[in-house]
Amino acid sequence: MRDNFSSEVTALAGADPRIVLLMADIGNHLFDRFKELYPERFFNCGIAESNMISVAAGLAMSGLRPVVYTFSAFDVGRPFEQIRVDLAFQNLPVVIIGLGGGLTYSPLGPTHYICEDLSITRSLPNMTVICPADAVETRAAIRVSLQHNGPVYIRIGKKNEPVIHECVPNFVIGKGITVKDGTEICILGTGTIMPDVIIAAKQLSEAGFNPRVVSFHTIKPLDTELLEEIFSDYSLVVTVEEHSLIGGLGAAVAEWISDQSSPSKCHLLRIGTPDEFLYHAIHQKTARDVYGLSPEKIAKTVSAHYRQIIEKMH
Amino acid sequence: MTNIVVIPDREALAQVSRIIRAEIIETSHKSEAMHLGGCLSCVDILVSLYFGVMSIRPDDPDWLERDRFILSKGHAALALYTVLAHRGYYPREQIDTFNKDQSRFTEHPIWKNLPGIDATTGSLGHGLGIACGMALAARINDKSYRTFILMSDGECEEGSVWEAALFAPVHPLGKLIAIIDYNKWQACGRSNEIMNLSPLSLKFSTFGWAAYEVDGHNIGAMLSLFRSILDSPDQRPVVIIAHTIKGKGVSFMEDDNNWHYRIPTAEEVMAAHRELDVL
């Protein structure tokens, strides 16, 4: 995903002289092409993320379109107040790319992985929050975000993630993309967990279920039109995210459904990471399994929950 | 609009400063707003900039070629509002709503809420990074404007100030001019006793800045310094350590840190106005 982000932003910078790329000293050769073509618009801001956000604000206040890039844990975690005041309050068109949000960097320890970034960014007024599912959505997300007049946080993975789209989908901020139709069960996945969600859906299909699967790439603003439809037409809506159950996609959907005036008969099941830290080196795949986010465990949890609903109905 | 004319004469500017100080003190009393000491310490700096240095158009506040000004010590907003009113950005009477319910004249300034406010500030340590961005943008956009920023000495305790201080000389941002209102106080004590700021100009110069020191109440000295800086081919970013007195202009407020939070009574406003010779 990061290579796709880099090549896409380089291509876009050719057409739009307002695009300026800022990074905080990660990705050694990732931006070589950008630097070669547009050296006057590339800045390694050093290991100083707070300043990077403020510099981006100053650039955006002067008519430019900055894109800032570093690990999610550092560009959301460290300069939160700069994001809140300089970018969100002033409603500036700055795109924050968060590399390796979720459990991507769990092997590197608690400093480098982050399962709270969506919650943090989603809480800010004016902020748009996007989790592309794959490289195709990553390219689309950066394209539409650079057209958006406000701050956008885009959480991407690392590299070589499976691609879920065979062709480029119609990517609109705040509009989920259905990748598989189905009945009774609708699974909303967000971000790099999507390939595993699709595997889980296949396993569910083999077990006799027929879930619909949606890439719910925008956490904020919520696709409320889609939510209205699925909470009306399905028996079970499932959210799956590599993020804390506090404040992420599942929490956003739960907040939305609790605010509806007419109660829905549809059940909501949230699958995400628990309210805890990991205290040992653990690979992303293992961490997903530990937290019930492997395809098998997603499928098992969904089928068990759906069976309980059916039993209660009878 | 009032008082649109630029006054280059230093004696006349000193009189403008006295009037502005008197109005700030009166507004603080009427609106029950704090931060009086830090407002009074930076009046002469603001008057020097707005009446003798900056290229601006009060009747066209968003003019793209204008010099930028960031009040990074946002708690001195009342001082900036009063100077902007005297410079013709809006009528003086509007400041009567300062700190009042529903007012656009907030205790800390908000970008686009009022003409002449180039950034939202109040949380210390953000302004220098934003100023770096604006100065970089001038280069990218091929503009010749200068970016001025006023910081407090206490603000220099924020780590983000030193991130920006490391950043600016590398690029190098020669049209970035930072002024530090070095009044030697912060909310709860002497700034040099709370954190080790001194020697402040040496810290910046070793970081690669062109650092100058000046009496922040000597308008003539400041105008001369600004002129020599702006005429210089030096490409380094500039920092000016302006030595000032918190509460400057009123004997019973000068260097008394109680005026960080204290609100003057009606009698104290009268006494201050008498001292400032504006009655």
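Values below: all heavy atoms of this structure, side chains included; hydrogens, waters and symmetry mates excluded. Each chain gets a letter, A, B and so on, in the order the sequences are listed, and its residues count up from 1.
- Smallest separation of non-hydrogen atoms from A:M61 and B:I130: SD-CG2, 3.9 Å.
- Around NZ of B:K112, the count of heavy atoms belonging to other residues, nucleotides or ligands within 6.0 Å does not exceed 12.
- If you measure heavy-atom distances from A:E49 to chain B, the contacts under 4.5 Å come from the backbone alone.
- For A:R78, the CZ atom sits in a loose shell: 12 or fewer heavy atoms of surrounding residues, nucleotides or ligands are nearer than 6.0 Å.
- You'll find the side chain of B:F167 stays beyond 4.5 Å of the side chain of A:M52, heavy atoms only.
- Neither the backbone nor the side chain of B:A131 comes within less than 4.5 Å of any heavy atom in chain A.
- Residue A:E40 touches chain B through its backbone alone, counting heavy-atom pairs closer than 4.5 Å.
- Between the CH2 atom of B:W111 and the CG atom of A:L92 there is a distance of 5.0 Å, given to the nearest 0.5 Å.
- Contact check for A:L59 versus B:I140: side-chain heavy atoms found under the 4.5 Å cut-off.
- Atom CZ of A:R84 has 12 or fewer heavy atoms from other residues, nucleotides or ligands within 6.0 Å.
- By the 4.5 Å heavy-atom criterion applied to side chains, B:N141 and A:L64 are counted as neighbours.
- Among all heavy-atom pairs drawn from B:G129 and A:N51, the shortest one is CA-OD1, 3.2 Å.
- Distance check: B:D118 CG to A:S62 OG gives 9.0 Å after rounding to the nearest 0.5 Å.
- Heavy-atom contacts from other residues, nucleotides or ligands closer than 6.0 Å to CD of B:E65 number more than 12.
- With a 4.5 angstrom heavy-atom cutoff, A:L87 does not touch chain B via any of its atoms.
- Within a 6.0 Å radius of CG in A:D275, no more than 12 heavy atoms belonging to other residues, nucleotides or ligands are found.
- Heavy-atom pairs under 4.5 Å with chain A were tallied for B:C132, B:S160, B:S123, B:G122; the largest tally goes to B:S123.
- Among B:R139, B:M134, B:H126, the residue making the largest number of heavy-atom pairs under 4.5 Å with chain A is B:H126.
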